[in-house]
Amino acid sequence: MFRRVLARFRIEFVTVLNPTSIQISPADRLRGILPDPEIAAISPIIEEIEELKLARNAAILAHNYMTPDIFHGVSDLRGDSLALARMAAETEADVIVVAGVHFMAETAKIANEEKTVLIPDTQAGCSLADAITGADVRLLKERYPGVPVVTYVNTSAEVKAESDICCTSGNAVQVVESLGVDRVIFLPDQYLGRWVATQTEIEIILWEGSCEVHERFTAEELRGYRNLNPGIQIIAHPECPPDVLQEADFVGSTAGMIDWVKHERPRQVVMVTECSMSDNVAAESPQTEFLRPCNLCPHMKRINLENIRDALRDMKNEVTIAPGIAGRAREAVERMLAVQV
Ligand code: 13P
Ligand code: SF4
């Protein structure tokens with residue numbers, strides 16, 4: 001079922017104009033998305049961030065999991081990990097603020113070393129990035145000599161530097177198939193790797209990492225939604241366990257899921273992923289009712305308007321990558337960006 005549905009949808013990147021450049025006030029951008037008293041309370045800090053962006057020639061790149069105040073209120077470009085990497089490589093801004101987690105900011109720096117990249121909270125990590133080290137990858141390469149290493153971008157720059165090519169959930173199948181080999185080592189997400197294995201004939205050697213947010217969903221809870229809401233559509237991120245993905249009508253990256261809702265316009269949907277995303281998409285899809293099992297990513301939720309403002313005002317939390325690592329990590333990221341999706 002996944003292959004059939006996947007084939008019908010191409011991932012599209014979601015981009016927006018810099019709100020400042022088209023002179024839309026915070027209240028106008030957020031009306032109908034947040035309650036009016038909340039908009040009034042956060043408008044001053046949004047104005048402050050807009051002024052800082054102009055003064056620094058900065059762009060805020062926001063992941064789809066950011067809360068609506070960030071996603072709709074201050075971001076200039078937004079999307080999934082793949083879109084953020086591409087946007088970072090192409091932006092004209094001098095300063096990139098990544099409203100996302102640390103590996104996303106590192107990937108932005110790897111993709112565009114000339115730019116100053118800031119992360120509002122340096123502790124915004126990821127359980128997948130913590131699941132593997134560069135030394136682990138070196139050991140795996142000794143164990144499977146000659147087998148290419150495909151590394152999910154949810155990893156440190158050191159791990160990327162040990163890899164042949166990176167991938168995201170939006171291009172993992174295409175990346176694996178681009179290599180023209182019979183088997184690959186796939187790091188570090190066992191569930192994304194298992195899902196890729198259902199989409200290709202290529203043998204996948206797995207590592208046992210997992211996302212602490214997506215592994216909490218269960219097939220049983222999804223069956224419960226279906227039983228109570230006949231006709232509901234279930235769409236899931238491939239970081240979920242296989243029995244959860246079996247219940248899904250569509251599997252895709254965060255951008256893939258957003259596009260699916262916009263194209264399919266389902267009456268009712270459950271987005272089986274971090275729950276801020278439903279808030280962001282609901283604002284743009286009034287025809288759809290979103291049922292919301294709410295698993296939050298504690299790392300993504302470290303980013304807020306205050307620390308975005310502070311990072312820009314004080315130019316702090318700049319992301320740097322050791323020169324011995326940056327060049328090799330860049331090769332793996334650039335190979336990924338060259339793969340057509
Ligand atoms: P996407 O690349 O699909 O946005 O996923 C990133 C992520 O961290 C999901 O948990
Ligand atoms: Fe990492 Fe999971 Fe959070 Fe995504 S949702 S950043 S994979 S911990």
Side-chain angles (χ1 to χ4, degrees), residues 6 9-15 61-67 71 75 77-88 98-108 111 119-132 151-156 159 166-175 187-193 195-196 207-217 235-241 244-245 248 250-261 271-278 280-281 293-303 333 336-337 339 341:
L6 184 79
F9 287 91
R10 289 197 46 238
I11 311 300
E12 288 172 15
F13 303 135
V14 181
T15 57
L61 273 56
H63 185 260
N64 292 324
Y65 292 163
M66 288 296 106
T67 46
F71 192 81
S75 74
L77 300 163
R78 52 205 189 174
D80 64 1
S81 305
L82 181 58
L84 296 185
R86 287 199 198 281
M87 291 164 186
V98 175
V101 291
H102 194 263
F103 78 78
M104 293 175 177
E106 270 193 341
T107 306
I119 175 100
D121 186 326
T122 56
Q123 300 304 306
C126 170
S127 65
L128 282 168
D130 289 343
I132 191 160
T151 291
Y152 194 27
V153 286
N154 297 39
T155 45
S156 66
V159 167
C166 287
C167 74
T168 72
S169 57
N171 63 9
V173 176
Q174 291 88 343
V175 165
L187 310 171
D189 186 354
Q190 57 178 310
Y191 296 132
L192 177 61
W195 179 73
V196 171
W207 184 258
E208 286 205 356
S210 54
C211 162
E212 67 187 81
V213 177
H214 290 88
E215 71 181 356
R216 291 209 300 270
F217 292 105
I235 65 174
H237 195 277
E239 289 173 7
C240 295
V244 169
L245 298 183
F250 173 73
V251 176
S253 78
T254 57
M257 294 166 85
I258 292 172
D259 286 345
W260 190 90
V261 170
M271 285 185 145
V272 189
T273 191
E274 213 268 358
C275 65
S276 290
M277 210 169 88
S278 291
N280 291 328
V281 193
C294 201
N295 288 347
L296 285 169
C297 173
H299 312 290
M300 291 280 182
K301 297 292 94 94
R302 283 180 171 273
I303 309 301
V333 169
M336 168 186 84
L337 294 177
V339 173
V341 182

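Numbers here simply count residues along the sequence, with the first being 1. Order of appearance sets the numbers: ligands from 1, and atoms from 1 within every ligand.
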- In terms of residue, atom name and distance, what is the protein heavy atom nearest to atom 8 (S) of ligand 2? Ser127 N, 3.7 Å
- Query: Can you list the atoms of ligand 2 that are under 4.0 Å from a heavy atom of Glu239?
  - Reply: 2 (Fe), 7 (S)
- Report yes if some heavy atom in the side chain of Arg78 is under 4.5 Å from a heavy atom in the side chain of Leu61; otherwise report no. no
- Verify, without hydrogens or angle tests, whether Ser253 (side chain) and Gly256 (backbone) share a donor-acceptor contact under 3.5 angstrom. yes
- Query: With atoms numbered from 1 as shown, which atoms in ligand 1 lie under 4.0 angstrom from a non-hydrogen atom of Thr254?
  - Reply: 1 (P), 3 (O), 4 (O)
- Query: Can you find a heavy atom in the side chain of Tyr152 that is under 4.5 Å from one in the side chain of Pro188?
  - Reply: yes
- Message: Tell me the protein heavy atom at minimum distance from atom 2 (Fe) of ligand 2, and give that distance in Å.
- Response: Cys211 SG, 2.3 Å
- Item | 4.5 Å side-chain heavy-atom contact, Cys275 and Asn295 | no
- Task: Could you go through the side chain to side chain contact (heavy atoms under 4.5 Å, CB included) check for Thr67 and Met300 one step at a time?
- Result: CA-CA 9 Å; Thr67 46; Met300 291 280 182; over 6 Å; no
- Message: Yes or no: does Glu274 have any heavy atom under 4.0 Å from an atom of ligand 2?
- Response: no
- Message: Could you check whether any heavy atom of Ser169 sits closer than 4.0 Å to an atom of ligand 1, since that is the contact criterion I want to use?
- Response: yes
- Query: Between atom CG of Asn64 and atom OG1 of Thr254, what is the distance when rounded to the nearest 0.5 Å?
  - Reply: 4.0 Å
- Note on the structure: One finds that the ligand 2 atoms under 4.0 Å from a non-hydrogen atom of Leu128 are 7 (S)
- Query: Taking only heavy atoms of Tyr65, which atoms of ligand 1 are found under 4.0 Å from at least one of them?
  - Reply: 9 (C), 10 (O)
- Return the orientation label for the Phe250 and Trp260 ring planes: parallel under 30°, perpendicular over 60°, tilted otherwise. parallel
- Task: Within a distance under 4.0 Å of any heavy atom of Glu239, pick out the atoms of ligand 1 and give their elements.
- Result: 7 (C), 8 (O), 9 (C), 10 (O)
- Donor-acceptor under 3.5 Å (Asn280 side chain, Tyr65 main chain): no
- Please test Ile132 against Thr155 for side chain to side chain contact (heavy atoms under 4.5 Å, CB included), starting from the C-alpha separation and ending with a verdict. CA-CA 8 Å; Ile132 191 160; Thr155 45; 4.2 Å; yes
- When distances are taken from atom 3 (Fe) of ligand 2, the protein heavy atom at minimum range is Cys297 SG, 2.4 Å
- Message: If you define the side chain from C-beta out and look only at heavy atoms, does anything of Thr151 sit under 4.5 Å from Val159?
- Response: yes
- If you measure from each non-hydrogen atom of Glu274 to ligand 1, which part falls under 4.0 Å: side chain, backbone, both or neither? neither
- Task: May I ask you to check if ligand 1 and Asn64 share an N or O to N or O distance below 3.5 Å?
- Result: no
- Enumerate the atoms of ligand 1 whose separation from the nearest heavy atom of His214 is less than 4.0 angstrom. 10 (O)
- Task: Run the numbers for me: atoms of ligand 1, each under 4.0 Å from some heavy atom of Asp80, listed by number.
- Result: 1 (P), 2 (O), 4 (O)
- Message: Quick check on contacts: which atoms of ligand 2 are under 4.0 angstrom from a heavy atom of Asn154?
- Response: 7 (S)
- Enumerate the atoms of ligand 1 whose separation from the nearest heavy atom of Ser81 is less than 4.0 angstrom. 1 (P), 2 (O), 4 (O), 5 (O), 6 (C)
- Message: At less than 2.8 Å, would any N/O/S atom of Cys126, backbone or side chain, sit next to atom 2 (Fe) of ligand 2?
- Response: no
- Message: A side-chain contact here means heavy atoms from C-beta on lying under 4.5 Å apart; do Val98 and His63 qualify?
- Response: no
- Would you mind telling me if ligand 1 is within reach of the side chain of Asn154, the backbone, both or neither, using heavy atoms under 4.0 Å? side chain
- Does the side chain of Met336 come within less than 4.5 Å of Thr168's, by heavy atoms? yes
- Message: Measuring from atom CG of Asn171 to atom CG of Leu82, what distance do you get when rounded to the nearest 0.5 angstrom?
- Response: 5.0 Å
- Query: Could an N or O of ligand 1 be found under 3.5 Å from any N or O of His63, whether backbone or side chain?
  - Reply: yes
- Message: Give the atom numbers and elements of ligand 1 that come within less than 4.0 Å of a heavy atom of Ser253.
- Response: 3 (O)
- Task: Could you tell me whether His237 and ligand 1 have an N or O pair separated by under 3.5 Å?
- Result: yes
